[in-house]
2 protein chains.
Amino acid sequence: MGPSRRERAEETEQALKAAARQVFAERGYLNTKITDITAAAGRAAGSFYNHFASKEELLRALLADLETAGDEQAGQPGHNPDFADPDAVRFHIAGFWRFARENAVVMRAMGQAALVNEEFAREIAQFGAEQRLDIADHLDGLVAEGATLPGTVDTSLAMMFCLVQAISAAVEEGAVRISDDEAVESLTRFVYRGLTGRDY
Amino acid sequence: MGPSRRERAEETEQALKAAARQVFAERGYLNTKITDITAAAGRAAGSFYNHFASKEELLRALLADLETAGDEQAGQPGHNPDFADPDAVRFHIAGFWRFARENAVVMRAMGQAALVNEEFAREIAQFGAEQRLDIADHLDGLVAEGATLPGTVDTSLAMMFCLVQAISAAVEEGAVRISDDEAVESLTRFVYRGLTGRDY
DNA sequence: TGTACATCAGTGAACGCGCGTTCACTGATGTAC
DNA sequence: TGTACATCAGTGAACGCGCGTTCACTGATGTAC
């Protein structure tokens, strides 16, 4: 007796997701046809629709996987919310950097999907806004100590996030060549200095 | 007697370009059909191919317009290449900012085209590399004065460019709300501090 | 345990929509004489 | 200046390609008795 139906279906679904990651990485989300995914997964074209209503739905599934994986590792030992300490800045940048590099394929796919799909665009915008809100209070220590931020709190946060995100994207597409450690170190120095006006 | 053939053709070509800018701004390059452009220009679908071989060629034409416009205003009065002076940093950021805001539609279209077209991707990458090379020497003054850059020269430049570009894109798509002056001022402070390690 | 039927994951050829692209046609401008 | 023909910008219906999506079919697993 072979695998149960449920097992068989689960296998195919995982195969499709893995194949999608692969072809998205190779040629990008927008350039990927559904038959590219099924071919890479070694299944028939029609099989796709047993598991996902569309390429968008598949991307949502990949995103959901990524979120649960993110939640699991979000225990965050060593979290220090006071950006007056350079180590706290480095800790946050390193975390974001790791996340961005590990999930580069899905992040890039999301970005591409957002160009064509209003819904995805809104989700990304909201995700960014939430991220910024989550650590808005991390700058309080700086202000309390009398440091002058480079702009409003929101602008300062936006600059920090945009910078790290843009650099990780640039590294990912090969426009900038730099090791992970070097990136985190350079970014930490740039951001710490930029936010605080202090040398480091 | 009506307008000459040449005049008539020129008019239509300009109308198509203007219409393209408009619809690209409204719904993005990738979401724009050729008939969207011709409809917005008030011409028949077939007319498009008298002027451009494809949507890509039209985008190239827009890019060429933008480059000649850029060259004209590149007299650059008041150019100061020594980034030890915050005003020099502000001058460059303000220039880039103006350019990015004025040509946001075409820049965004280029970015979208690059996702689908290898050729555009290469051109953009090369353009960025050239930009960085053009002002690589602007950091020499800093190094000579004994300032510590946040990373290598190339990494430092990449961070500066990525930051300004990412913020202008974020403003353009409404993810960040900030006036032009405020943006330039905040960016100048962030970048000057980040590069030099000095307060400002 | 065995038999008969129901259900389901997977298949791949075929269908059909959307849109880029073509092309015969129109009405004008340009040219030759 | 006038006439006859060539050329060309523009038109829009029609064509056809690419690709998403469907669906009748297969061979297996699940269920009822």
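Proteins come first, then strands; the chains are lettered A, B, ... in the order of their sequence lines, and each starts at number 1. For the numbers below, each heavy atom of this structure counts, side chains included, while hydrogens, waters and symmetry mates do not.
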How long is the line joining [atom1] of [X] and [atom2] of [N], in whole Å?
| X | N | atom1 | atom2 | value |
| --- | --- | --- | --- | --- |
| A/E10 | C/dC8 | CD | P | 17 Å |
| A/K33 | D/dT21 | NZ | P | 15 Å |
| B/D36 | C/dC19 | CG | P | 8 Å |
| B/L58 | C/dG20 | CG | C1' | 14 Å |
| A/L16 | D/dG20 | CG | P | 14 Å |
| B/E57 | C/dG20 | CD | C1' | 15 Å |
| A/R8 | D/dG30 | CZ | C1' | 14 Å |
| B/L59 | C/dG20 | CG | P | 15 Å |

Show me the side-chain donor-acceptor pairs of residues 189-200 of chain A shorter than 3.5 Å, one per line, residues at least two apart or across chains.
residue : atom : partner : partner atom : Å
A/R189  : NH1  : B/P150  : O            : 2.8
A/Y192  : OH   : A/A84   : O            : 3.0
A/R193  : NE   : A/Y200  : O            : 3.3
A/R193  : NH1  : B/T148  : O            : 2.9
A/R193  : NH1  : B/G194  : O            : 2.7
A/R193  : NH1  : B/L195  : O            : 3.3
A/R193  : NH2  : B/T148  : O            : 2.5
A/T196  : OG1  : A/Y192  : O            : 2.6
A/T196  : OG1  : A/R198  : N            : 2.9
A/R198  : NH1  : A/E145  : OE1          : 3.2
A/R198  : NH2  : A/E145  : OE1          : 3.0
A/Y200  : OH   : A/R90   : NH2          : 2.3
A/Y200  : OH   : A/E185  : OE2          : 3.4

Under the 3.5 angstrom rule, does the side chain of [X] hit a backbone N or O of [Y] as a donor-acceptor pair?
| X | Y | value |
| --- | --- | --- |
| A/D65 | A/L62 | no |
| B/N117 | B/A113 | no |
| B/E57 | B/F52 | no |

Should [N] form a Watson-Crick or G-U wobble pair with both distances under 3.5 Å, which nucleotide is its partner?
| N | result |
| --- | --- |
| D/dA32 | C/dT3 |
| C/dG27 | D/dC8 |
| C/dT22 | D/dA13 |

- When the nearest nucleotide of DNA chain D is assigned to B/E13 and to A/T35 on a heavy-atom basis, which residue is associated with the more 5' position? B/E13

Cut-off 3.5 Å, no hydrogens considered: what does the side-chain donor-acceptor table look like for residues 42-50 of chain A, sequence neighbours left out?
residue : atom : partner : partner atom : Å
A/R43   : NE   : A/A41   : O            : 3.2
A/R43   : NH1  : A/T12   : OG1          : 2.6

- Item | Closest to side chain of A/I34, choosing from C/dG20, D/dA9, D/dG20 | D/dG20

- Message: So if I take every side-chain heavy atom of A/S4 and compare against C/dA9, C/dC19, D/dG30, which nucleotide ends up nearest?
- Response: D/dG30

- Task: Over 60° means perpendicular and under 30° means parallel, so classify the ring planes of B/F96 and B/F161, tilted if in between.
- Result: perpendicular

- Could you tell me how the ring of B/F83 sits relative to the ring of B/H92: parallel (under 30°), tilted (30 to 60°) or perpendicular (over 60°)? perpendicular

- Proximity to DNA chain C (any heavy atom under 4.0 Å), residues of residues 38-55 of chain B only: B/G46, B/Y49

